[in-house]
Amino acid sequence: MQPVRSPRQSKIIDVVVIGDGIAGCLAALAARKRGANVVIIEKSQANVPHGNTAFCGGALRRVSTEYSAERYFADIMKVSQGEADDELTRITIRNSRRAKANLSRLGIRWTLPTSNPGRADSVVGKGARLAPTLRQAVRKAQIAILYRTAAKDICFSNGSLRGVTLRSRTATHTMPCKAVVIATGGFQADRKLVTQHIGASAHRLVLRGYKNSTGDGHRMAAKLGARLIGMDGYHGGMIHYGYKKYPVVGQERGMRSVKKYEPGILVNRLGKRFVDEGEDTADKTYAKFGRMIALTQPGGIAYLILDSSWKDHVNPMYEGPEKGPVEAKSIGELARKLNIAPAKLLATVDRFNTAARDGTHAQMTPPKTNFAYPIEQPPFYAYAVTGGMTFTFGGIQINSKAEVVGTTGASIPGLYAAGEVTGGFFYHNYPAGSSLTRCAVFGEIAGRNAAAFARKNANLNTKKRSTQAAQKT
Ligand SMILES: Cc1cc2nc3c(=O)[nH]c(=O)nc-3n(C[C@H](O)[C@H](O)[C@H](O)COP(=O)(O)OP(=O)(O)OC[C@H]3O[C@@H](n4cnc5c(N)ncnc54)[C@H](O)[C@@H]3O)c2cc1C
């Protein structure tokens with residue numbers, strides 16, 4: 001391995017990695033392991049939690065004795081409705097066990113969530129532990145991270161990569177390099193990109209993760225002719241409405257998705273039901289319902305109405321500021337407390353109760369296919385909910401080597417991407433725990449190939465220089 005040089009000493013960096021989330025850190029470590037001189041550029045402050053990696057739940061889906069590669073593949077294809085890239089998915093799954101083992105070697109410890117033993121391991125301490133552990137490993141490998149420094153442009157001339165333009169608090173300059181790995185995360189925090197690609201009201205979704213995931217990598221790559229794919233997809237979920245009023249609290253402590261609402265009914269501000277709450281179990285519907293509430297219901301808010309027989313069942317799911325519930329002795333009183341016209345809410349609850357009692361709940365409009373229990377035991381409760389945005393699915397198209405693919409279909413030499421900034425993995429929904437896996441797997445692949453590209457380029461340049469020298473003599 002070559003000795004580590006600080007970015008100031010070296011003229012040309014082998015591999016510049018943009019972003020110090022899980023994808024960026026693992027790319028940097030893989031490139032360093034192959035002898036490359038690596039620098040990470042990170043726009044955030046070192047001592048402030050940053051990147052979605054720091055906010056995540058830490059579930060990592062991997063193949064195990066109880067969870068076969070075939071089932072993993074089938075799960076991704078099912079939720080993506082067959083749109084996920086076949087090759088990238090297979091590579092992710094094939095390397096999922098190794099990705100976990102690599103993380104363990106870096107000091108990550110794991111716990112198994114009992115509800116889902118076959119499918120995902122969870123990082124002890126979640127993202128709040130994962131992110132600092134990765135950065136510690138990076139520092140141990142003597143890789144410099146330049147904090148509070150944003151990559152603004154990736155520069156090419158005559159078809160060759162020249163460097164990355166950086167802006168720090170004091171200066172703007174170009175860092176010359178041979179290869180670049182873009183690992184800048186999603187664009188969920190960028191209002192312009194979100195409304196352009198996801199929908200006019202998409203900014204109403206409450207950001208569950210990092211507030212500066214602004215699609216910088218998407219923009220830099222697109223400027224260079226990279227192909228962006230699947231840009232309208234994202235992962236969201238139903239969340240407690242209090243986070244809309246106090247998003248900072250949620251971003252600091254993490255926002256839990258609400259996945260227990262089946263026994264109640266969801267009504268909007270007009271006191272009307274708008275969805276089949278019992279279409280399936282909540283883990284299969286919470287993303288869809290969250291989106292529907294935020295994007296289509298008045299004020300982007302809904303209330304889960306239930307009676308005292310179910311309160312203890314759902315209550316532990318609700319946390320955060322003003323988590324509720326609102327309690328009342330009658331439905332009329334509950335409506336008044338929620339600022340809903342009492343007659344409207346009473347009519348909705350009466351209609352639902354009649355259908356639940358006489359077994360016609362699956363035929364009503366909207367139906368309640370399953371879990372239809374009359375709301376009749378006072379006191380009555382209401383939990384306010386809305387939709388949250390976890391991360392965007394769309395991004396830079398890459399191939400199996402993590403090379404950035406251009407709009408012509410050819411890869412862009414020297415340019416690699418990994419993690420949430422890449423597209424092609426998830427559409428419509430994603431199986432929980434598989435984003436960290438693809439970030440880890442493709443971070444490693446990107447770093448390894450970027451280092452190989454830099455080495456090959458160095459050899460070519462050396463050869464070119466000796467040929468030129470020979471020609472001169
Ligand atoms: C609440 C929540 C829970 C989640 N739970 C899970 C889970 O349990 N399992 C799972 O698989 N996934 C989960 N995810 C998703 C997962 O966390 C992310 O997909 C993953 O961490 C993304 O990693 P990344 O390295 O691609 O990007 P990030 O971790 O977002 O890192 C990108 C970094 O790039 C930096 N950056 C951006 N632009 C620039 C620039 N111009 N110059 C320099 N630096 C820049 C950013 O500051 C950031 O630090 C969750 C997400 C959230 C929000």
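Treat the numbers as computed from the prediction; the structure is a model and nothing was measured. In each ligand, atom 1 is the first atom listed, and ligand 1 is the first ligand listed.
The side-chain hydrogen bond (donor to acceptor under 3.5 Å, both in side chains) check on Thr165 picks up Thr174, with sequence neighbours excluded. Applying the side-chain hydrogen bond (donor to acceptor under 3.5 Å, both in side chains) criterion to Tyr318, with sequence neighbours excluded, gives no partner residue.
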Do Glu444 and Asn102 pass the side-chain hydrogen bond (donor to acceptor under 3.5 Å, both in side chains) test, and can you show the C-alpha distance, the side-chain angles, and the key distance before you say yes or no?
-> CA-CA 10 Å; Glu444 210 270 334; Asn102 284 346; 5.2 Å; no

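Ring-plane geometry between His235 and Tyr430 is classed as perpendicular, the angle between the planes exceeding 60 degrees on a 0 to 90 degree scale with a lower cut at 30.
Within the structure, ring-ring contact (aromatic ring centres under 6.0 Å, His included) contacts touching residues 69-112 (residues at least two apart or in different chains) are Tyr67-Tyr72.
Protein residues with any heavy atom under 4.0 Å from ligand 1: Ile18, Gly19, Asp20, Gly21, Ile22, Ala23, Ile41, Glu42, Lys43, Ser44, His50, Gly51, Asn52, Thr53, Phe55, Cys56, Gly57, Gly58, Ala59, Thr149, Ala150, Ala151, Ala183, Thr184, Gly185, Arg208, Gly209, Tyr210, Asp216, Thr390, Phe391, Gly419, Glu420, Tyr430, Gly433, Ser434, Ser435, Leu436, Cys439.
No side-chain heavy atom of Ile301 sits less than 4.5 Å from a side-chain heavy atom of Thr386.
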